[in-house]
Number of protein chains: 2
Amino acid sequence: MDPEVEDIRVAVSTVIFSLRTPRPGDAPAVVLPLVKRTRDPFEGLWALPGGWLGACEGLDAAASRTLGETTGLAPSYLEQLYAFGAVDRSPTRVVSIVYWALLRPEEVSDVENVGWFDAADLPRLAFDHNEIVDYALWRLRNKVGYSRIAHGLLADEFTLAELREVYEAILDRKLDPANFRRQVDTSATLIPTDRFRTGSHRPARLYRYNRDVELADRGPLSRSPETSVR
Amino acid sequence: MDPEVEDIRVAVSTVIFSLRTPRPGDAPAVVLPLVKRTRDPFEGLWALPGGWLGACEGLDAAASRTLGETTGLAPSYLEQLYAFGAVDRSPTRVVSIVYWALLRPEEVSDVENVGWFDAADLPRLAFDHNEIVDYALWRLRNKVGYSRIAHGLLADEFTLAELREVYEAILDRKLDPANFRRQVDTSATLIPTDRFRTGSHRPARLYRYNRDVELADRGPLSRSPETSVR
DNA sequence: GCAAAAGTGTTGTTTTTACACCCATGA
DNA sequence: TCATGGGTGTAAAAACAACACTTTTGC
């Protein structure tokens, strides 16, 4: 009972998702930023951004902080994903509290030592980070079906086609534009503006996200003070 | 940077749900076991069963172990719930990896120092454990809607009325017996036996749970070796 | 026979899905 | 004017919900 507890360290990492459109007109793809490790273990491999949990900071705060420090990014959505604590996941004993985040395109900025990768085509990552990303992707795909997190990947104003492309990129299948339109407007979470996106063919109306509606129902956690992001 | 990391300790706790039928014929209620604290902090208050994470054990293993040590119970379903790590949740800095579990009635046994409480009517608990239970209940109510975890609360053989009562206890509302019956048998997760529960009025057919179907889809986590429970 | 729970049928409503069709613009 | 994506209409199919009704037992 009560073995050498002191030897366990707590880290916090984040899987950050964003969208990238290779060239205008193309379908967007899910991408994520990784940092290159500059020391052992796994020196030279890519890894999730993260760092050690500070003695005087909460988990959510640590996730925001380490994320900012390593990538300079401040995401629009941040949620705890899972705690990974297998004994052999690192040479030393580390329990990682992993978060996942969504980034709007305007929030994307380029930082030294950060590389962006297609989520569907990742290299071999440090530690168990490949499994972690797989799990985060699974969560993202599930959650997009019953919440409004897709908006966390879009700018303030967007067309319905753009929103639909987000869903298509995440779910990896085509959606019927007509039915998609009806579904989002029965959910009453979008506010139509009087502006239009022009350029292609018939101008498309721009919508804004209704901020009265939460991106996702977090249940009792949303009342806890630790969970204040943005 | 890299502050006194060594001062953070990792604990593992579990919210265990089971059902209790006050007297035969009554509707079952969701109950959970708590242990009375025998030392500071919060001496005398009830708390979730748990303990420190061992230096050489995974998170899932620690949850099973601490649960067995404190309550003598071995649940039919065990899943990670959330990591709680607010700075002020304990006098010393503790990050708790919390699990939640389901217990079949035949698995319930009475142990010294363990009390069973109605989930809807809890006393003031130690630490932030009231909030944790609230969150676990929310998760249970949600998950019962899109998975088959309700079976984790029932014995091997059960009638459809008994299964329906589990849903009713968790969701806290009546369900239409006719529609409920149809829903479960279009889902093809129950195997009818040729035995019947007699006693009340017309005998009710006993069903068995189809073990080919997982209680809940855990995504990529179900492939990880750490996640082997039962 | 009667009460009560087991189990079946029926019907109307809502949601989902597929797809035909019109509209507005750039080239 | 034509190609293309924006946007509307419609109808079949599936899922859901409400509730009447029949069956089988204990007393």
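Residue numbering restarts at 1 for every chain, and letters A, B, ... go by the order of the sequence lines.
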In whole Å, I'd like the distance from the [atom1] atom of [X] to the [atom2] atom of [N].
X	N	atom1	atom2	answer
B/Arg205	D/dT25	CZ	C1'	15 Å
B/Phe196	D/dT24	CZ	P	10 Å
A/Leu175	D/dG6	CG	C1'	16 Å
A/Leu206	D/dG6	CG	C1'	13 Å

How about B/Arg197: does its CZ atom have over 12 heavy atoms from other parts shown lying under 6.0 Å from it?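 More than 12 within 6.0 Å, yes.
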Verify the neighbour count for atom CZ of A/Arg208: are there more than 12 heavy atoms of other residues, nucleotides or ligands below 6.0 Å?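 No.
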Under 3.5 Å donor-acceptor pairs involving side-chain atoms of residues 135-142 of chain B, not counting sequence neighbours:
{"unit_1": "B/Tyr135", "atom_1": "OH", "unit_2": "B/Arg139", "atom_2": "NH1", "d": "3.2"}
{"unit_1": "B/Arg139", "atom_1": "NH1", "unit_2": "B/Leu81", "atom_2": "O", "d": "3.1"}
{"unit_1": "B/Arg139", "atom_1": "NH2", "unit_2": "B/Glu79", "atom_2": "OE2", "d": "3.3"}
{"unit_1": "B/Arg139", "atom_1": "NH2", "unit_2": "B/Gln80", "atom_2": "O", "d": "3.0"}
{"unit_1": "B/Arg139", "atom_1": "NH2", "unit_2": "B/Leu81", "atom_2": "O", "d": "3.3"}
{"unit_1": "B/Arg141", "atom_1": "NE", "unit_2": "B/Ile170", "atom_2": "O", "d": "2.9"}
{"unit_1": "B/Asn142", "atom_1": "ND2", "unit_2": "B/Trp138", "atom_2": "O", "d": "3.4"}

Rounded at 0.5 Å granularity, tell me how far CG in B/Leu48 sits from CD1 in B/Ile16.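 Interatomic distance, B/Leu48 CG to B/Ile16 CD1, rounded to 0.5 Å: 8.5 Å.
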Within residues 178-193 of chain B, the residues having a heavy atom closer than 4.0 Å to DNA chain C are B/Ala178, B/Arg181, B/Arg182
Taking only heavy atoms on the protein side, list every residue of residues 162-173 of chain A lying under 4.0 Å from any atom of DNA chain C, sorted numerically.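 Contacting residues: none.
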B/Phe180: partners by ring-ring contact (aromatic ring centres under 6.0 Å, His included), with sequence neighbours left out: B/Tyr167
Contacts of type ring-ring contact (aromatic ring centres under 6.0 Å, His included), residue B/His151, not counting sequence neighbours: B/Phe158, B/Tyr209
Between D/dG5, D/dT24, C/dA4, which one does the side chain of A/Arg202 approach most closely?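 For the A/Arg202 side chain, the nearest candidate turns out to be D/dG5.
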D/dT4, D/dT25, C/dA6: which one has an atom nearest the side-chain heavy atoms of B/Ala204?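 The answer is C/dA6, which lies nearest to the side chain.
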Please tell me whether A/Asp60 and A/Tyr99 have a donor and an acceptor in their side chains that are separated by less than 3.5 angstrom. yes
Name all pairs fulfilling the side chain to side chain donor-acceptor pair (under 3.5 Å) condition that reach into residues 176-187 of chain A, sequence neighbours left out, sorted by first residue then second.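 Those involving residues 176-187 of chain A are A/Asn179-A/Arg182, A/Ser187-A/Thr189.
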Residue whose nearest DNA chain D nucleotide is more 5′ - A/Asp176 or A/His201: A/His201
